[in-house]
*Asks:* 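Structure below; questions to follow.
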Amino acid sequence: MLMKEYRICMPLTVEEYQIGQLYMISKHSCEQSGGGEGVEVVKNEPEIHPQHGHGQLTEKRIYLSSKLPGWAKAFVPRFFYVTEKAWNFYPYTITEYSVSFLPKFSIRIETRFENNKGDNDNVFRDKPTPAENVAFLDILSDPIPDKHYKETEDLSQWQSSKTGRGPLEKGWRDEHRPIMCSYKRICCSFEVYGFQTRTEDFIHRTIKDILLVGHRQAVAWIDEWHGLSLEQVREYERIMQETTNSKVKCNTGPSSAARPVFSRSISVTDELSLQKMGVPTAAVPDPSAPTLHTVHSSHARLNSTPE
């Protein structure tokens with residue numbers, strides 16, 4: 001299992017980002033969906049956890065067959081989806097990913113948001129992450145894939161008319177106020193001989209790109225969401241989910257009811273179950289077997305929730 005902690009600072013407060021995060025995830029998911037691939041929301045409802053209190057449970061299916069690296073397509077069916085389950089106990093969240101036909105594959109992301117510049121070395125209140133496993137990501141200067149670059153999301157040119165913030169300049173993290181940090185502890189595991197190292201490295205590279213793009217968007221889009229109430233952004237989320245689901249289901253041939261069921265559920269009733277990543281052994285489909293249909297290409301990413 002490969003564990004890393006990423007720290008991403010933003011020129012926002014934790015209170016502001018509660019709205020910005022919900023807005024960004026909804027808009028981002030809709031932008032990345034279409035032609036049969038993308039993000040389908042199957043559950044989004046309040047939940048009370050005995051330890052973390054009131055929160056929101058969201059379950060999504062992420063269709064992304066055409067986005068796998070070539071070496072992975074040898075053993076993965078041409079049409080499948082990843083199940084994402086997220087528990088939002090803001091300012092603390094947990095997100096887990098699973099694929100039922102790969103029972104030894106798992107990703108778990110813990111996130112905590114604080115109003116500081118990323119200098120809390122024990123933010124998860126158990127034990128500090130080893131320094132060699134901690135990486136700071138700079139939303140201003142760290143490179144992102146060319147296909148994800150948009151001039152309107154370039155924070156060196158960004159200016160917020162509502163808040164007067166921006167553009168960001170070199171060294172902004174030391175000088176800017178307000179400032180907050182998104183701390184993410186990510187554990188990924190793929191215990192399949194011959195593929196473990198490559199798969200875990202690929203997952204972390206992909207997650208790094210997603211985190212940079214998502215947090216840049218949350219800041220760049222601030223004039224769209226700043227000032228919204230929690231009720232207003234939840235209504236926006238509901239409307240965008242309906243749009244996103246319809247985009248994923250269109251042009252896919254068989255209806256969603258005919259899709260192969262590759263999801264599994266992880267119930268969260270206590271801290272132990274939150275930490276469980278294993279699932280019962282499941283049969284791995286023969287990759288040479290016929291598939292339902294060919295998935296169309298799209299720009300869907302590995303992860304629907306940049307957070």
Side-chain angles (χ1 to χ4, degrees), residues 5-29 46 49 52-56 58 86-95 109-125 129 134-142 144 152-186 207-208 210-237 240 305-307:
E5 181 181 314
Y6 297 98
R7 301 179 187 179
I8 312 102
C9 290
M10 292 177 286
L12 307 170
T13 67
V14 170
E15 294 72 26
E16 288 173 329
Y17 189 58
Q18 184 174 18
I19 303 298
Q21 179 195 39
L22 294 172
Y23 182 93
M24 176 268 295
I25 290 173
S26 298
K27 181 176 177 178
H28 169 90
S29 296
H49 184 268
H52 302 294
H54 290 271
Q56 193 82 7
T58 306
W87 297 268
N88 189 338
F89 307 104
Y90 200 85
Y92 175 68
T93 67
I94 300 169
T95 308
I109 303 175
E110 284 182 274
T111 305
R112 192 171 292 277
F113 307 105
E114 290 193 343
N115 285 314
N116 56 47
K117 58 181 181 179
D119 50 7
N120 185 345
D121 291 329
N122 192 16
V123 69
F124 295 103
R125 304 166 189 172
T129 302
V134 175
F136 282 85
L137 303 183
D138 192 330
I139 58 174
L140 171 65
S141 59
D142 281 1
I144 61 173
T152 55
E153 297 169 5
D154 187 332
L155 299 183
S156 67
Q157 304 178 44
W158 159 74
Q159 179 80 50
S160 168
S161 59
K162 282 189 176 180
T163 66
R165 300 171 203 172
L168 298 185
E169 299 178 350
K170 184 178 180 180
W172 70 274
R173 193 174 57 134
D174 295 324
E175 306 294 336
H176 198 283
R177 297 295 181 273
I179 190 167
M180 65 163 288
C181 184
S182 172
Y183 294 83
K184 292 187 172 292
R185 182 162 63 182
I186 301 175
I207 288 175
K208 180 180 176 181
I210 291 165
L211 293 177
L212 282 168
V213 173
H215 287 78
R216 283 164 60 113
Q217 289 176 334
V219 175
W221 296 343
I222 190 171
D223 287 345
E224 300 178 27
W225 58 260
H226 197 273
L228 294 178
S229 67
L230 186 59
E231 292 73 19
Q232 288 172 322
V233 79
R234 285 294 184 193
E235 176 62 16
Y236 173 82
E237 182 182 51
M240 294 300 282
T305 307
E307 301 180 334

*Asks:* State the OG-CD distance between S160 and E224, to the nearest 0.5 angstrom.
*Replies:* 11.0 Å
*Asks:* Between N88 and L22, is there a side-chain heavy-atom distance shorter than 4.5 Å?
*Replies:* yes
*Asks:* Do you know which two heavy atoms are closest between F89 and G53, and how far apart they sit?
*Replies:* CE2-O, 3.6 Å
*Asks:* Excluding sequence neighbours, so at least two apart, what forms side chain to side chain donor-acceptor pair (under 3.5 Å) with R7?
*Replies:* E5, D121
*Asks:* Run W158 and I222 through side-chain contact (heavy atoms from CB on, under 4.5 Å) and show every step you take.
*Replies:* CA-CA 10 Å; W158 159 74; I222 190 171; 3.9 Å; yes
*Asks:* Do M24 and Y17 come within less than 4.5 Å of each other through their side chains, counting heavy atoms only?
*Replies:* yes
*Asks:* Could you tell me whether the side chain of D223 and the main chain of S161 form a donor-acceptor pair under 3.5 Å?
*Replies:* yes
*Asks:* Using 0.5 Å steps for rounding, measure from the CD1 atom of I139 to the OG atom of S182.
*Replies:* 10.5 Å
*Asks:* Quick one: pull up CD in Q217 and CD1 in I25 and give me the separation to the nearest 0.5 Å.
*Replies:* 11.0 Å
*Asks:* Give me the atom names and distance for the closest heavy-atom approach of M240 to K27.
*Replies:* CE-CA, 3.9 Å
*Asks:* Just how far is it from atom CD of Q21 to atom OG1 of T93, taken to the nearest 0.5 Å?
*Replies:* 6.0 Å
*Asks:* Side chains of L168 and P11, heavy atoms from C-beta outward: is any pair under 4.5 Å?
*Replies:* yes
*Asks:* Can you tell me how far CD1 of I109 sits from OH of Y6, rounded to the nearest 0.5 angstrom?
*Replies:* 9.5 Å
*Asks:* Just checking, any donor-acceptor pair under 3.5 angstrom between side chains of N115 and T13?
*Replies:* no
*Asks:* Side chains of F136 and I8, heavy atoms from C-beta outward: is any pair under 4.5 Å?
*Replies:* no
*Asks:* Restricting to non-hydrogen atoms, name the atom on W225 and the atom on I19 that form the minimum distance, rounded to 0.1 Å.
*Replies:* O-CG2, 3.8 Å
*Asks:* Quick check: closest heavy atoms across Y236 and S26, and the distance to 0.1 Å?
*Replies:* CE2-CB, 4.0 Å
*Asks:* Kindly indicate whether the side chain of I179, heavy atoms from C-beta on, has any atom under 4.5 Å from the side chain of M10.
*Replies:* no
*Asks:* Taking the side chain as C-beta and beyond, is there a heavy-atom pair between P167 and L155 under 4.5 Å?
*Replies:* no
*Asks:* Applying side chain to side chain donor-acceptor pair (under 3.5 Å), name anything that partners T152, two or more places apart in sequence or on another chain.
*Replies:* none
*Asks:* What residues form a side chain to side chain donor-acceptor pair (under 3.5 Å) with W172, not counting sequence neighbours?
*Replies:* D138
*Asks:* What residues, two or more places apart in sequence or in another chain, satisfy side-chain contact (heavy atoms from CB on, under 4.5 Å) together with D119?
*Replies:* N116, K117, Y183
*Asks:* Measure across I144 and L212 and return the closest heavy-atom pair with its distance rounded to 0.1 Å.
*Replies:* CG2-CB, 3.8 Å
*Asks:* More than 12 foreign heavy atoms under 6.0 Å from CD of Q232: is that the case here?
*Replies:* yes
*Asks:* Looking only at non-hydrogen atoms, find the nearest pair between H176 and P178 and report the distance.
*Replies:* ND1-O, 2.9 Å
*Asks:* Just so I know, are the side chains of Q18 and F113 near enough to count as touching, which here means a heavy-atom distance under 4.5 Å?
*Replies:* no
*Asks:* Before giving the answer on salt bridge (charged side-chain N to carboxylate O under 4.0 Å, His left out), spell out for R216 and E153 the whole-Å C-alpha distance, their side-chain angles and the decisive distance to 0.1 Å.
*Replies:* CA-CA 7 Å; R216 283 164 60 113; E153 297 169 5; 5.8 Å; no
*Asks:* Check side chain to side chain donor-acceptor pair (under 3.5 Å) between E237 and all other residues, then give those that pass, not counting sequence neighbours.
*Replies:* N44, R234
*Asks:* Rounded to the nearest 0.5 Å, what's the gap from OG1 on T163 to CD on E16? Could you check?
*Replies:* 7.5 Å
*Asks:* Are the side chains of T111 and Y92 in contact, using a 4.5 Å heavy-atom criterion?
*Replies:* no
*Asks:* Please list, chain by chain and in numerical order, all residues satisfying side-chain contact (heavy atoms from CB on, under 4.5 Å) with R125, sequence neighbours excluded.
*Replies:* R112, E114
*Asks:* K184 vs I207, test: side-chain contact (heavy atoms from CB on, under 4.5 Å). Steps then yes/no.
*Replies:* CA-CA 11 Å; K184 292 187 172 292; I207 288 175; over 6 Å; no
